[in-house]
Amino acid sequence: MSAHDRPSPRVRFAPSPTGFLHVGSARTFIFNWLYARRNHGAMILRLDDTDVERNTDASVQSIFEGLRWLGLAWDEEYKQSERLDLHRAAAQSIFEKGLAYRDFTPAHAAEGESSSAQGAASREGAWLFNPGMRDLPREESDRRAAAGESFALRYRVPRHQDRILQFNDAVYGLQSKPADDVEDFALLRSDGNPTYHLASCVDDADLRISHIIRGQDHLTNTFKHLLIFEGLNAPAPQFAHLPLLVAPDGAKLSKRKHGPVVSVTTYRDAGFLPQAFLNFLCLLGWSPKDDREFLTTDEITAVFTLDNINRSNAVINFSEQDPFDPKAVHLNGEHIRALPVDQLAAAIAPFLAQAGFHPTPEKLAAVTPLIRERIKLLGEAPAAADFFFLDELPAYDPAELIPQISKKESGDAALALRVLTKAREVLAHTPFDHDSLDAALRAAATDLGLKPGPMFQPIRVAVCGRKNAPPLFETMTVLGRDTCLHRIAQAEAKLTTL
RNA sequence: GGCGCUAUCGUCUAGGGGUUAGGACGUGAGAUUCUCAAUCUUAAAACACGGGUUCGAUUCCCGUUAGCGCUACCA
């Protein structure tokens, strides 16, 4: 098959701006983007903003903010609300073909009455349509419309028993359903505005979307969409439905129920790298089928196919204690370690700034390699590196300075003091580079009859203010002699008052 | 209620008529090490249930159950 037989695909991401950018939406966007890139097609962003009641500007901003952070560009952009004329014209055309009818039943009034009123004659399928309205003669319909009576426009779903609707979903396979099981859904609301189904299909047809890749919650709706495309005389695109992302309780993610963890910006603000977040999201419902899990965006693009997508919902694992899926955090740690130091430094800088630290580029470049293996989220950087930037160490328990000599034997304050005093003497004239410090301090330990461990612990606590920190010699090198000597002297003072 | 989709370790997944059912995260143990981390080794941990088909089903078919989705003049 030549390139001419296969026009390049056009895919779209069509969020409705009724909230922030949701992780599930982000994944849908990513899968569309991957498909477009993989197949050299076009990625289209369309804001499906037909629900005037619920749309907000803040939401539009949040969506753009989230997508910008992901760093995946799109090629074309549209706003559904600017295409209303097209939708209404399409509705008119479907109506003229006799494929739709006016339903004058007042909105929200149709609720309970049909079931009891119709009796046995209507089968139990009264929900399918409103028989009185579906069969209303055209003249009467026109007269009532002309008189200003408001109506919704409904699709006249074919009712011959043998009419089967079907399509081949790229993920779920052949889907088919008797048209008889599809209700006469609305195309136009009584205020004249298009419904989601109409607007979406009209735009998909007009924008010549070739592949609709979207959440599985639309799988059943697709039968309606097939009917609309048919009414539009447009070929139906290829469909690919994605398994849903759900919360640990199995329910679909909602802000009200699950809080800010469903928003993309929460991940950004906690210090996820966009490529790590993307890596994680792709692994939910898709797999490269080999045992790789750490993948760059390019690597994913290279092997991404629709038929490697699963059919069952994926749980995104989080809790109050652990707001992020442990696997997402782990992958982020891997991506952090994979990043060149200068890029990591640049990524960390804003998080340090937020904590009030504004190191020089040189110092930042020196500190970054010391913490890169110790953080899994960029947001952990300030806490991991504070002592590099603080003039005065935060208060710590002087007891921390007392070294553990062996598993069961603990030293005392006198020992700690001897260590620190010795260290201060040695450090006063040792060159501040890794190897010199290493040699000098180990020799000092031998002098005191100590193993390296018990020797280094008091120094580490004195210099960093805590027991757990990056390797000692590198740390001291970055801190410099003056700071180290000063902090050791302070520690000695703490010990004498103990 | 109707219609539809789904079902492998706690979670994400690979696999597929005959396998020690593989990997990853997390958890436990160990190694390494100046602490922590990183790294390496290792352990525990799964085919929802019931019927078929078959010499043989976790795998194919049917049913049950469970979960989810749709069933709006929301998207």
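Order of the sequence lines sets the chain letters (A, B, ...), proteins ahead of strands, with each chain counted from 1.
Put simply, the side chain of A:Q175 and the base of B:G4 share no donor and acceptor less than 3.5 Å apart. Within 3.5 Å, no donor on the side chain of A:T220 pairs with an acceptor on the base of B:C70, nor the reverse. With hydrogens and angles left out, the side chain of A:K177 and the base of B:C3 share no donor-acceptor pair within 3.5 Å. Evaluation of atom-type donor-acceptor distances gives a pair under 3.5 Å for the side chain of A:K327 against the base of B:A24.
Cation-pi contact between A:R102 and A:F104: absent, since separation from the ring centre below 6.0 Å together with deviation from the ring axis within 45° is not met. Figure legend: cation-pi geometry between A:K494 and A:Y396, with NZ or CZ positioned under 6.0 Å from the six-membered ring centre and within 45° of its axis. Stacking of A:R83 on the aromatic ring of A:Y78 is recorded, both the 6.0 Å distance cut-off and the 45° axial limit being met. Remark: A:R481 is not positioned above the aromatic ring of A:F432, lacking an NZ or CZ atom under 6.0 angstrom from the ring centre and at most 45 degrees off the axis.
At whole-Å resolution of the value, CG in A:L283 and P in B:A24 are 13 Å apart. Between A:D169 atom CG and B:U6 atom P the separation is 10 Å, expressed in whole Å. If you take CG of A:N310 and P of B:G15, they are 9 Å apart, rounded to a whole angstrom. Straight-line distance from the CD atom of A:E400 to the P atom of B:C36: 13 Å, rounded to whole Å. One can place CG of A:D291 at 17 Å from P of B:C12, the figure rounded to the nearest angstrom.
Rounded to whole Å, the separation between the C1' atoms of B:A7 and B:C49 comes to 12 Å. The same atom, P, is picked in B:C55 and in B:A46; the two are 31 Å apart, to the nearest Å. Taking the C1' atoms as reference points, B:G51 lies 13 Å from B:A57, given to the whole Å.
The nucleotide B:U42 finds its pairing partner in B:G28, both defining distances of the Watson-Crick or G-U wobble pair being shorter than 3.5 Å. Pairing partner, B:U53: none, since no Watson-Crick or wobble contact has both distances short of 3.5 Å. Under the Watson-Crick or G-U wobble criterion, with both distances below 3.5 Å, B:U19 has no partner in any strand shown. Using the Watson-Crick or G-U wobble rule with both distances under 3.5 Å, B:U6 pairs with B:A66.
A:K289 comes within 4.0 angstrom of the backbone, heavy atoms only, and of no base. Counting non-hydrogen atoms under 4.0 angstrom, A:F223 reaches nothing in the nucleic acid. Among the protein residues, A:K451 comes within range of no part of the nucleic acid, since none of its heavy atoms lies under 4.0 Å from any strand. A:S190 comes within contact range of at least one nucleobase, with a heavy-atom separation under 4.0 Å. As judged by a 4.0 angstrom heavy-atom cut-off over every strand, A:G215 is placed among residues making no nucleic acid contact. Using a 4.0 Å heavy-atom criterion, one finds that A:H197 contacts the bases of the nucleic acid, with or without backbone contacts as well.
Comparing atom distances between the A:Q216 side chain and each of B:G69, B:C73, B:C12 picks out B:G69 as nearest. The nucleotide whose nearest atom lies closest to any side-chain atom of A:N221 is, among B:C70, B:C3, B:C5, B:C70. Of all nucleotides listed (B:U11, B:C12, B:C73), B:C73 comes nearest to the side chain of A:R154.
Between A:D217 and A:P471, the residue anchored nearer the 5' end of RNA chain B, judged by the nucleotide with its closest heavy atom, is A:P471. Checking A:P326 against A:Y172, the closest nucleotide of RNA chain B that is more toward the 5' end is the one next to A:Y172.
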Original post:
What string of B, S and - do you get for nucleotides 37-45 of chain B, 5' to 3', when a contact is any protein heavy atom under 4.0 Å?
Top reply: BSS------

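Listed pair A:R466 / B:U35 fails the phosphate criterion, with no side-chain N or O lying under 4.0 Å from OP1 or OP2. At least one side-chain nitrogen or oxygen of A:R311 sits closer than 4.0 Å to the OP1 or OP2 atom of B:U6.
Ring-plane geometry between A:F277 and A:Y267 is classed as tilted, the angle between the planes lying from 30 to 60 degrees on a 0 to 90 degree scale.
For the atom pair CG of A:L479 and SG of A:C484, the computed distance is 4.5 Å after rounding to the nearest 0.5 Å. Taken to the nearest 0.5 Å, the NZ atom of A:K177 stands 14.0 Å off from the CD atom of A:Q166.
Taking the six-membered ring for Trp, A:F272 and A:H335 have ring centres at least 6.0 Å apart. Remark: aromatic rings of A:Y172 and A:H241 are distant, center separation not under 6.0 Å.
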